[in-house]
Amino acid sequence: MIEGDGTTSPSLRSWVDVPAGSDFPIQNLPYGVFTRGNEWHLGVAIGESILDLNSAARAGFFDAYAFRDTLLQPALNHVLASGKAAWTALRARVSALLEAGNREIADRGLVDFVLVKQANVVMQMPFVVRNYVDFYSSLEHATNMGKILRPGGEALLPNWRYVPIGYHGRAGTVVVDGTPIARPCGQARPSESAPPSYGPTKALDIELETGFVTGGPTPFGTPLPIASAEDTIFGMVLVNDWSARDIQSWEYQPLGPFLGKSFATSISAWVVSLDALAPFRIDGPSQDPPPLEYLRRPRPFTFDIALAVELRTAAMRRAAEIARSNFKYLYWDMAQQLAHAASNGASVEPGDLYASGTISGPVQGSYGSLMELTWRGARPLKLPSGEERRWLEDGDTVTLRGWCERDGAARIGFGSVSGTISPARCSA
Ligand code: MN
C-alpha cells in the first residue's frame with residue numbers, strides 16, 4: 001500500500017506543461033526562493049516553471065489562509081515556523097491551484113503574473129540556515145572511514161550503534177546550488193617527519209548527503225520526544241559537504257571537524273516536503289542492539305531516494321557518473337537524529353539544517369566520497385576523458401542528483417546541486 005494524501009496521487013495532472021521525466025510533476029511541489037526584479041520570492045517548482053507564491057498571495061489566492069503573510073517573506077523560515085498543519089494546508093492549496101481543470105488563475109488572466117520560467121531566474125538560498133548539524137549515520141561510511149583512518153583498529157567505534165554521531169557545523173557558509181567553491185587553504189601535515197604547513201588543500205573531497213529542514217521552535221530546555229520529531233521535519237534537500245581531507249586529518253583530534261569542513265556546504269535550491277516523499281516511505285534497517293528508549297519508535301522509517309554523484313573536469317564535455325547510492329542505506333533515521341539532537345533540551349529552530357552524513361552503500365561504486373571511492377588516493381578514479389582523479393582539481397564540477405521512483409507512484413526528483421572548484425586564495 002502506498003502512503004500519501006491526494007496530493008501524491010499518480011493520476012493528478014497539472015494545467016502547467018510538465019515534460020516527461022521532469023523532477024517536478026504536480027505530485028512533488030518543492031519550495032524554493034528565486035530573484036524577481038530586486039526581490040526574493042518564494043516559489044514552487046512545477047515542470048520547467050515556478051509558481052510565484054509571493055505574487056499569487058498578493059493576487060489574493062491565499063486570502064483564506066492564516067499563513068498567507070508567510071508567503072511574502074524572502075525566505076522559507078516563516079513558513080517553517082507556521083507548523084505541520086499549515087504546511088499541509090499550503091501544499092493542498094498549491095496542488096489545487098495547479099491541478100488540470102482549475103481555472104482560478106487563468107480566468108483572472110494572471111498566468112503570466114504568477115508563473116515564471118526557471119530558466120529565466122536565479123535561485124537563492126531557500127531558507128536562512130539557523131543551525132547546521134552534520135550527522136555520521138551511514139554504517140558503511142563510518143566503517144570505511146574507520147578502516148582508512150585507523151588501520152588495524154576496530155573500524156566502528158563502540159558508541160556508534162548507540163549514539164547518532166554528529167557535530168555542529170557552520171550555518172553561515174551553507175550555499176545554494178551553483179555557487180563556485182574556492183579551494184580552501186589551511187594547515188596540514190602531510191608527513192609525520194616534517195612540520196605542518198599552511199597552503200591550498202591537496203585533498204579536496206565531496207560528501208554525498210541529504211539534509212532535512214525543520215520547523216519549530218521547540219521550547220528551550222525541553223527535549224523533543226521522538227514521537228513528535230517527524231512532524232517537526234518540513235522537508236529535504238541534497239547536500240554536498242565539501243571536505244579538505246588533509247586539513248581534516250591534522251585538526252580533527254580531539255574535538256572533531258573544524259576548518260576542513262566549514263569553508264562551504266552546498267544545498268539544492270528546492271526543498272522537497274515529507275508530504276511529497278510519502279509514497280516512497282519504506283521501513284528502516286533493523287538496529288542491533290536496540291536503540292535506547294528515547295530513540296525507539298514502533299517502526300523506524302526511511303525513504304527510497306536514489307542518489308548519484310557526477311564529475312566533470314574542465315576537459316570533459318559531459319559529466320561522468322562516479323557513484324550511485326541511496327538514502328535508504330542510512331542506519332539512523334531522521335526522527336532519531338532529530339530526537340537525539342534535542343534530547344539534551346537544545347531547542348529546534350525553524351530553518352535548522354540537519355545533514356545525514358555521507359551516504360555510502362555496501363559496494364565500491366556506491367561510496368559517497370572520493371576518500372572511499374579512491375581509498376584515500378590509493379585507487380585513482382579513471383574518467384572517460386582518460387584523466388585520473390584522486391581528489392578534486394581546480395575547474396572540476398561536481399553535481400549531486402536525487403530522485404524517487406516506484407510502481408504506482410509518480411516519479412519525483414530533487415533537481416541537483418552543483419559546484420565548480422575555483423583556485424585557492426590563501427593568505428600570505
Ligand atoms: Mn559530512
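All values reported here derive from a predicted model rather than from experimental measurement. Atoms within each ligand, like the ligands themselves, are counted from 1 in listed order.
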Trainee: Going by distance alone, is a donor N or O of one side chain under 3.5 Å from an acceptor N or O of the other, for T201 and D246?
Mentor: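 Indeed, the side chains of T201 and D246 share at least one donor-acceptor pair under 3.5 Å.
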
Trainee: Nearest N/O/S atom of D241 with respect to the Mn ion (ligand 1), by atom name, please.
Mentor: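 Restricting D241 to its N, O and S atoms, the minimum distance to the Mn ion (ligand 1) goes to OD2.
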
Trainee: Salt-bridged, R299 to D283, with N to O below 4.0 Å?
Mentor: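 Judged by the 4.0 Å cut-off on N to carboxylate O distance, R299 and D283 do form a salt bridge.
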
Trainee: Hey, which N, O or S atom on D134 ends up closest to the Mn ion (ligand 1)?
Mentor: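 Nearest N/O/S atom: OD2.
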
Trainee: Of all the heavy-atom pairs spanning R245 and I206, show the shortest one and how long it is.
Mentor: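 Taking R245 first and I206 second, the nearest heavy atoms are NH2-O, 3.7 Å.
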
Trainee: In E209, what N, O or S atom is nearest to the Mn ion (ligand 1), if we give its atom name?
Mentor: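 E209's closest N, O or S atom to the Mn ion (ligand 1) is named OE2.
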
Trainee: Please give the atom name: the N, O or S atom of E207 nearest to the Mn ion (ligand 1).
Mentor: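 For E207, the N/O/S atom sitting closest to the Mn ion (ligand 1) is OE1.
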
Trainee: Does a donor on one side chain sit under 3.5 Å from an acceptor on the other, for Q337 and S137?
Mentor: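 Yes - a donor-acceptor pair under 3.5 Å links their side chains.
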
